[in-house]
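On a predicted model such as this, the values are computed, not experimentally measured, just so you know.
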Amino acid sequence: MRRGDSIPTERDPESRPTEAVVLTQYWAHVTAHVRFILDSHPVGSSDDVRRIATRYLESAAKVVPAGLRRDVDEHEAPRTVGRAVTFIRANLLQHVTAVDIAAAAGTSPRALQLAFRRALDLTPMEYVRDARLTAAHAELLVDGHTSIGQIALKWGFSNQGRFAAAYRQRYGETPTQTRGRLDHTQDGGSEARRPRPTRRR
């Protein structure tokens, strides 16, 4: 090998995720973190924290094109979509169908599906799945005790294989890898607090 030649690697360049996939996964991580803090964490009620979270989202939105951000502003979306999203978020732990969502939105399942396609490029049930993935992801980031299977089941994923595949497609890592990062952080924190033994001279 001549000097200046690149070092060959075993990874196939074609197997690397595209920029669109990376940005989509990045946006999914950001929104999961923010929603967890604002909706579930005690500090989420602080006005200062909410302002910081808003700026965080705005900064991330400058990096991720609008077409890759699977979120919805109820004030800008069609009323039927906004009502449907509100119903979905309030009933993530319940068994809901497309008929239930359409009834809550005050329209027919077919009309709601078309509205979702235009607004989000998703069906209502795909939105439900994504919202549940977000909730499971947020829980895995902070709960190091409940098993991954139990968290998946809690959020409506009875098939572990399908849950893991959908999770990896959305976040670019497996649920086990997310949990591993949490365990590493907790272990590192405990190591940092553990007093070092003194050496005998």
Results of side-chain contact (heavy atoms from CB on, under 4.5 Å) for [X] - residues two or more places apart only:
{"X": "Ala98", "value": "Met125"}
{"X": "Ala115", "value": "Thr80, Val81, Arg118"}
{"X": "Ala111", "value": "Thr107, Ser108"}
{"X": "Ala103", "value": "none"}

Quiz item: Given Arg117 and Asp121, is the salt bridge (charged side-chain N to carboxylate O under 4.0 Å, His left out) satisfied, shown in steps?
Solution: CA-CA 4 Å; Arg117 279 294 184 194; Asp121 195 27; 3.8 Å; yes
Exercise. Spell out, as yes or no, whether a donor-acceptor pair under 3.5 Å connects the side chain of Asp143 to the backbone of Thr146.
Key: yes
If we only count heavy atoms from C-beta on, is the [X] to [Y] side-chain gap below 4.5 Å?
{"X": "Phe157", "Y": "Arg129", "value": "yes"}
{"X": "Glu139", "Y": "Trp155", "value": "yes"}
{"X": "Tyr127", "Y": "Arg89", "value": "yes"}
{"X": "Val128", "Y": "Ile101", "value": "yes"}

Quiz item: Leu114 and Val85: same hydrophobic cluster, using ILVMFWY side-chain contacts below 4.5 Å?
Solution: no
Quiz item: Do Val99 and Ile88 share a hydrophobic cluster, counting only Ile, Leu, Val, Met, Phe, Trp and Tyr and linking them when any side-chain heavy atoms are less than 4.5 Å apart?
Solution: no
Quiz item: With sequence neighbours left out, what residues match Ser147 under side-chain hydrogen bond (donor to acceptor under 3.5 Å, both in side chains)?
Solution: Gln150
Exercise. Can you sort out the partners of Thr97 under side-chain hydrogen bond (donor to acceptor under 3.5 Å, both in side chains), two or more places apart, ordered by chain and number?
Key: Asp100
Please output the side-chain donor-acceptor pairs of residues 160-167 that fall under 3.5 Å, not counting sequence neighbours, one pair per line with the distance.
unit_1	atom_1	unit_2	atom_2	d
Tyr167	OH	His137	ND1	2.8
Tyr167	OH	Thr178	OG1	2.8

When rounded to the nearest 0.5 angstrom, what is the spacing between [atom1] in [X] and [atom2] in [Y]?
{"X": "Arg168", "Y": "Thr176", "atom1": "CZ", "atom2": "OG1", "value": "10.5 Å"}
{"X": "Leu141", "Y": "Arg179", "atom1": "CG", "atom2": "CZ", "value": "10.0 Å"}
{"X": "Ile148", "Y": "Thr174", "atom1": "CD1", "atom2": "OG1", "value": "7.0 Å"}
{"X": "Gln169", "Y": "Leu133", "atom1": "CD", "atom2": "CG", "value": "9.5 Å"}
{"X": "Leu92", "Y": "Thr134", "atom1": "CG", "atom2": "OG1", "value": "9.0 Å"}
{"X": "Leu140", "Y": "Tyr171", "atom1": "CG", "atom2": "OH", "value": "9.5 Å"}

N/O donor to acceptor pairs below 3.5 angstrom from side-chain atoms of residues 54-65, sequence neighbours left out:
unit_1	atom_1	unit_2	atom_2	d
Thr54	OG1	Arg50	O	2.9
Ser59	OG	Arg55	O	3.0

Quiz prompt | With Arg110 via salt bridge (Lys or Arg N to Asp or Glu O under 4.0 Å) - residues at least two apart | solution = none
